[in-house]
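Below is one structure; the comments refer to it alone.
Residues take their numbers from the sequence shown, with the count starting at 1.
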Amino acid sequence: MAERQSSGRTAPQKKTTKKKGKRKFTLRNTLIVLFFTGALVVLCGIIGYFIITLNGEKILNANKDQFNFAESSVVYDRDGNQILKLFTDENRENVEYSQIPKLLADAFVAVEDRRFREHSGLDFISIGRAVVKDIVARSAVEGGSTITQQLAKNMFLSHDKTILRKATEASIALALDRNFTKDQILEMYLNRIFFGQRASGIKAAAELYFGKEDLNDLEVWEIATLAGIPKAPSAFNPLSNPEKSKERRAVVLQLMYEQGLITKSQMDEAKAVDYDPDKAKRPNNTVFMAFVDYAIDEAMRVTNKTEEELRLGGYEIHTTLNVKAQTIMEDEFKNDDNFEKSGDEQKVQGAMIVADHRNGEIEAMVGGRDYAKNGWNRVVVPRQPGSSFKPITSYGPALQSGNWFPWSTLRDDKECFNGYCPSDSNRNKYIGPVSMSQAIKESRNLPAVWLLNQIGVGTGLEFAKNLGFNLSSEDRNLAIALGGLTHGVTPMEMTQAYSVFANGGKSVDLHTITLIKDKNGLTEYEYKAPKSKQLMSPEAAWYMTQILQGVTEQGGTGARAKVSGRPVAGKTGTTQHGIPGLKSAANRDVWFVGYTPEWTAAVWMGYDKTDKDHLLKKSSGQTVDFFTKVMNAAMKDMPKSSFKKPSGVKETKPPTGVNGFNAVYIQERGDVQLSWTAVEGSNVSYRIYRKEASEPDFKRILDQVDAIAAEDISIEQGKSYEYYVTAYDANTKLESASSAKVKVDIPIEEIQLPDDVLNPGDPNAPGNGQPEDGGNGQVPPDGTGQPDSGNPEGGQGETPGGSPGGEAPNGNDGESAPGWLDNGNSGNRNGNGNGQENNARGNKPGRGNNRPDAGNPHESSSTSIVPPQE
């Protein structure tokens with residue numbers, strides 16, 4: 001049995017496996033992990049702290065004898081010659097802490113590092129806040145630096161925001177805090193910090209911006225202004241940006257008030273003060289300052305570095321500066337004879353920039369007559385451009401459309417456009433049809449507005465935008481044709497736009513920086529011209545140059561613009577003062593923007609603050625003269641070239657002017673007969689224009705006249721008319737210039753009355769000569785040959801067989817009737833032209849000359865036997 005059992009089949013055994021349970025983190029395990037993690041962090045922190053500390057001590061000990069590691073950057077001209085060091089010891093004067101007023105020191109602490117006196121060189125709260133912001137922004141955007149860190153950074157000027165640099169900065173800050181007192185650190189900081197405008201240190205800044213050598217003389221608003229600068233020296237210094245500086249000052253004053261440093265009344269009073277740049281005191285090294293300052297601003301944009309980094313980082317900054325042109329320009333700005341005289345201390349200001357439109361290099365610029373004193377670069381300050389803007393919004397877009405040409409006929413009529421009624425302040429005569437070339441040459445306003453109305457304001461705005469002008473929504477109106485803008489434009493922008501005209505319609509990138517190298521000779525930045533864009537067709541640019549050359553020729557508003565025998569194109573601009581209630585022809589702004597085949601330049605003149613006592617008496621001619629002086633001297637030895645004509649330029653011209661024009665009144669027909677000599681052309685017709693003496697402008701009265709003669713039947717007696725004729729080519733849609741103008745006077749015709757209407761023998765009949773009427777002749781017995789009668793103010797007449805008529809002292813001789821009707825010559829020329837003539841056949845009106853300039857306002861064109869009443 002046992003054998004059977006052993007050999008029998010056994011029941012299958014269940015395979016049992018032991019499941020492994022999931023480990024659960026107990027509170028004990030969590031605490032253990034946190035302990036060791038924290039210990040590791042602490043250990044790493046301690047090691048890092050010692051490394052940072054030792055590193056900081058090492059750097060500080062190695063350089064304790066030379067506490068300033070700054071190296072001046074150098075600016076070079078276009079030829080590689082050094083023109084200026086951006087930092088020297090002359091820019092800074094140290095001051096001891098005891099000489100620094102407590103409020104001044106406290107103001108910087110309040111703004112830059114509120115916990116300065118509590119931390120040990122690093123403010124971990126600020127660092128934590130900065131780390132959070134950097135993580136959110138995914139880049140190093142927040143510094144979180146203390147005053148001590150800023151001092152450490154300025155010692156060696158490696159300003160890149162990297163972990164290595166920040167660690168080194170932190171190590172030096174800790175070393176500084178251990179080796180120096182807070183007052184010593186603050187003293188070094190205030191002597192080292194950069195304040196813009198080449199001023200380093202608080203003493204240099206106080207003297208530069210406020211002319212105060214003793215810091216104890218600084219007022220509350222001046223202290224707040226200085227404390228607000230270090231955050232952004234180029235933006236917040238009061239010379240460069242007085243408005244932004246005032247806004248920043250208000251922020252600083254608010255912090256000072258909140259921290260109990262000043263009272264509310266002190267804060268409010270300090271906020272209200274306006275900065276006076278006349279108190280500024282510049283250092284001696286101000287050579288080519290406007291150009292250099294602009295170049296530094298440009299370098300900041302292209303390298304994304306601060307002004308302080310660029311000035312004190314040992315960089316080589318190569319520029320486009322043309323020393324010859326810059327020197328000539330600055331000399332002309334120093335010459336007071338180039339500017340109108342002012343009645344007080346506020347001078348007439350100016351700005352000029354010259355650029356090579358072939359490559360975009362800025363040759364020279366001056367930002368004002370006193371730029372070295374106040375640092376306000378008017379080359380980039382917007383002003384109203386006046387007529388110099390006509391090519392931007394009116395003529396330019398019209399030429400670009402391909403439907404308008406220099407010879408196209410525009411209209412110069414007294415006209416309003418939906419309530420907008422432009423006029424020429426110095427012109428009261430409108431000429432009707434006028435070519436585009438003549439309109440811009442004489443700077444006529446109506447044609448520019450009329451043309452913009454034809455092409456559309458939107459077209460003008462779009463063209464201006466392509467040239468770099470960002471006009472506001474308020475500028476969507478016809479006034480932009482005359483440069484009436486909401487915010488104005490800058491000389492820099494005008495130079496950029498006119499450079500496009502000069503450069504065959506291609507975009508031009510104006511710039512001053514060509515190359516920047518660091519102190520190790522490595523290239524930090526190199527200029528590479530962007531791909532040019534065809535902003536207007538070469539043909540349109542050529543036509544623009546042609547009409548702008550007319551401006552500088554004889555009869556043009558810029559005729560005095562002559563540059564070393566080179567062709568010159570350009571446009572003047574003048575803006576009226578616009579002061580309500582002031583009746584004066586004085587101006588607010590005057591411009592000239594012009595170019596040769598090589599260079600483009602813009603000149604502006606005016607007052608910084610315009611009011612009734614600060615206006616320009618002269619027009620744009622003074623800017624034309626200034627342009628000529630600078631460009632003539634600067635381009636004297638340059639190779640000459642010419643404007644290049646594109647191959648696709650059309651040579652279409654309008655018909656020649658009409659000759660032999662004549663107009664005569666035909667009494668028998670009662671009309672004016674017009675005739676002229678034919679003009680050559682297969683599809684030429686003629687247009688007749690007429691203006692009555694009392695009308696301001698000519699109007700077209702006949703169109704599509706195919707013959708060489710016409711008649712005007714719509715005339716009135718007693719009026720005077722002026723006529724001219726033009727030729728019109730239907731194929732090209734072009735109209736010729738006007739013919740010579742001919743004037744025609746239309747007399748008042750006499751009425752012949754029947755014999756039986758009046759009794760010629762009755763001396764009491766109306767119109768017969770009476771002694772009291774001025775006639776003293778006797779009536780002959782046969783009733784013929786009546787004595788002279790009429791107005792006692794009439795002229796002297798004499799009748800056959802009678803005595804001479806009365807002679808009025810105020811009278812003028814009238815025009816006698818022809819032939820046998822001349823029985824009296826008493827035509828009245830005292831205003832009504834209706835003196836009476838008597839003859840044997842009765843009374844009829846005389847034919848006195850009825851001239852418009854001596855006419856009666858009540859004069860009538862109808863014929864009447866009763867003289868009109870005055």
Check your understanding: Please, which pairs that meet ring pair (Phe, Tyr, Trp, His ring centres under 6.0 Å) have at least one residue in residues 327-346, sequence neighbours excluded?
Key -> Phe333-Phe339, Phe333-Phe626, Phe339-Phe626

**Study point:** Expected output: side-chain Lys441 to main-chain Gly555 donor-acceptor under 3.5 Å
**Key:** no

Check your understanding: Are the side chain of Asp475 and the backbone of Thr486 linked by a donor-acceptor contact shorter than 3.5 Å?
Key -> yes

Revision key, fill the gap. By salt bridge (Lys or Arg N to Asp or Glu O under 4.0 Å), Arg383 pairs with (sequence neighbours left out) Asp589

Exercise for review: Quick one: list whatever passes side-chain contact (heavy atoms from CB on, under 4.5 Å) with Ala540, sequence neighbours left out.
Suggested key: Leu399, Gln400, Met536, Ser537

Check your understanding: Under 4.0 Å between a Lys/Arg side-chain N and an Asp/Glu carboxylate O for Glu363 and Lys324?
Key -> no

**Study point:** Ser584 to His577 - nearest heavy-atom pair and separation
**Key:** O-NE2, 3.1 Å

Exercise for review: Would you kindly say whether Ser443 and Lys571 are connected by a side-chain donor-acceptor distance under 3.5 Å?
Suggested key: yes

Review point. Are Gln549 and Glu553 close enough that a side-chain donor and a side-chain acceptor fall under 3.5 Å?
Key: no

Return each pair, listed once, that meets salt bridge (Lys or Arg N to Asp or Glu O under 4.0 Å) where at least one residue sits in [range]; pairs must be two or more places apart or across chains.
range: residues 591-601; result: Arg566-Glu598
range: residues 617-631; result: Arg560-Asp625
range: residues 237-247; result: Lys246-Asp274

Study note, to complete from the structure: From the list Lys347, Arg369, Lys341, salt bridge (charged side-chain N to carboxylate O under 4.0 Å, His left out) partner of Asp336 resolves to Arg369

Review point. Under 30°, 30 to 60°, or over 60°: which ring-plane class applies to Tyr595 and Phe501, parallel, tilted or perpendicular?
Key: tilted

